[in-house]
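Just below is one structure, and these are the notes that go with it.
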Amino acid sequence: MPKRILQGVVVSDKSDKTVTILVERRFMHPVYKKTVRKSKKYAAHDEQNVHKIGDIVKIIEARPFSKTKKWEVLGSQESLSKEES
């Protein structure tokens, strides 16, 4: 099974080597047909502590780093776009 990749915004970088990512998803309500926004926070491993609050980053599923940390930061939106160019 492939590893999931999610995109979100860094909302906390206070912990050492850890950032908290807010991932928002949108879907249509099955009965009311209204677009609903749901969000969830993920703790992700950031080895070099380079990501700051407000950065848009991509995270990927990884081995468990701790009780709550099971995601790893792939990179920020700017650095990912530079690598593709």
Side-chain angles (χ1 to χ4, degrees):
M1 189 159 93
K3 296 181 179 182
R4 290 184 294 167
I5 297 176
L6 301 175
Q7 181 174 329
V9 180
V10 177
V11 292
S12 174
D13 61 350
K14 292 182 179 179
S15 301
D16 186 34
K17 297 185 180 181
T18 303
V19 289
T20 303
I21 313 294
L22 182 73
V23 176
E24 185 179 278
R25 64 186 193 95
R26 294 178 182 207
F27 61 95
M28 182 140 334
H29 191 280
V31 175
Y32 301 116
K33 308 299 183 208
K34 179 181 176 180
T35 303
V36 182
R37 297 185 332 174
K38 280 209 174 209
S39 59
K40 184 174 179 181
K41 290 182 182 179
Y42 295 92
H45 186 67
D46 180 18
E47 184 66 38
Q48 284 87 26
N49 286 323
V50 294
H51 300 96
K52 302 298 177 202
I53 295 176
D55 290 352
I56 298 173
V57 296
K58 289 196 176 199
I59 56 176
I60 188 168
E61 277 184 315
R63 63 176 176 81
F65 292 98
S66 69
K67 180 181 175 182
T68 59
K69 194 163 63 166
K70 296 166 182 66
W71 295 82
E72 191 170 10
V73 177
L74 278 178
S76 62
Q77 188 70 18
E78 297 82 26
S79 64
L80 290 174
S81 62
K82 287 179 184 175
E83 290 175 4
E84 291 174 359
S85 299

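Being a predicted model, the structure only gives us computed values, none of them experimental.
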- Calculate, to the nearest 0.5 Å, the distance between atoms CD1 and CG belonging to I53 and D55 respectively. 9.5 Å
- Task: Only counting residues at least two apart or in another chain, list the ones meeting ring pair (Phe, Tyr, Trp, His ring centres under 6.0 Å) with F27.
- Result: none
- Query: If you take all heavy atoms of V73 and A44, which pair is closest and at what distance?
  - Reply: CG2-CB, 3.8 Å
- Once you round to the nearest 0.5 Å, how far does CD1 of I59 lie from NZ of K70? 12.5 Å
- Query: Can you name the residues that form a salt bridge (charged side-chain N to carboxylate O under 4.0 Å, His left out) with R63, not counting sequence neighbours?
  - Reply: none
- Spacing of T20 atom OG1 and H51 atom NE2 [to the nearest 0.5 Å]: 13.5 Å
Please table the atom pairs, donor to acceptor, closer than 3.5 Å between any side-chain atom in residues 29-40 and protein atoms at least two apart or in another chain.
| residue | atom | partner | partner atom | Å |
| --- | --- | --- | --- | --- |
| H29 | ND1 | V31 | N | 3.1 |
| H29 | ND1 | Y32 | N | 3.1 |
| K33 | NZ | P30 | O | 2.9 |

- Rounded to the nearest 0.5 Å, the CH2 atom of W71 sits from the NE2 atom of H45 at a distance of 15.5 Å
- Message: Suppose we screen for salt bridge (charged side-chain N to carboxylate O under 4.0 Å, His left out). Which residues come up paired with E72, at least two apart in sequence or across chains?
- Response: none
- Task: Hydrophobic side-chain clustering at under 4.5 Å (ILVMFWY, transitive links): who's grouped with L22? Put none if nobody.
- Result: V11
- Given side chains that start at C-beta, do those of I21 and V57 come closer than 4.5 Å, heavy atoms only? yes
- Partners meeting salt bridge (charged side-chain N to carboxylate O under 4.0 Å, His left out) with K17 (sequence neighbours left out): E47
- Message: Taking the side chain as everything from C-beta on, heavy atoms only, tell me whether Q7 gets closer than 4.5 Å to I56.
- Response: yes
- Task: Give the cluster check for L6 versus V10: same hydrophobic cluster or not, with ILVMFWY residues linked at side-chain heavy-atom distances below 4.5 Å.
- Result: yes
- Query: So if you build clusters from Ile, Leu, Val, Met, Phe, Trp, Tyr with side-chain heavy-atom gaps below 4.5 Å, do Y42 and V19 land together?
  - Reply: yes
- Is a side-chain donor-acceptor pair under 3.5 Å present for D13 with N49? no
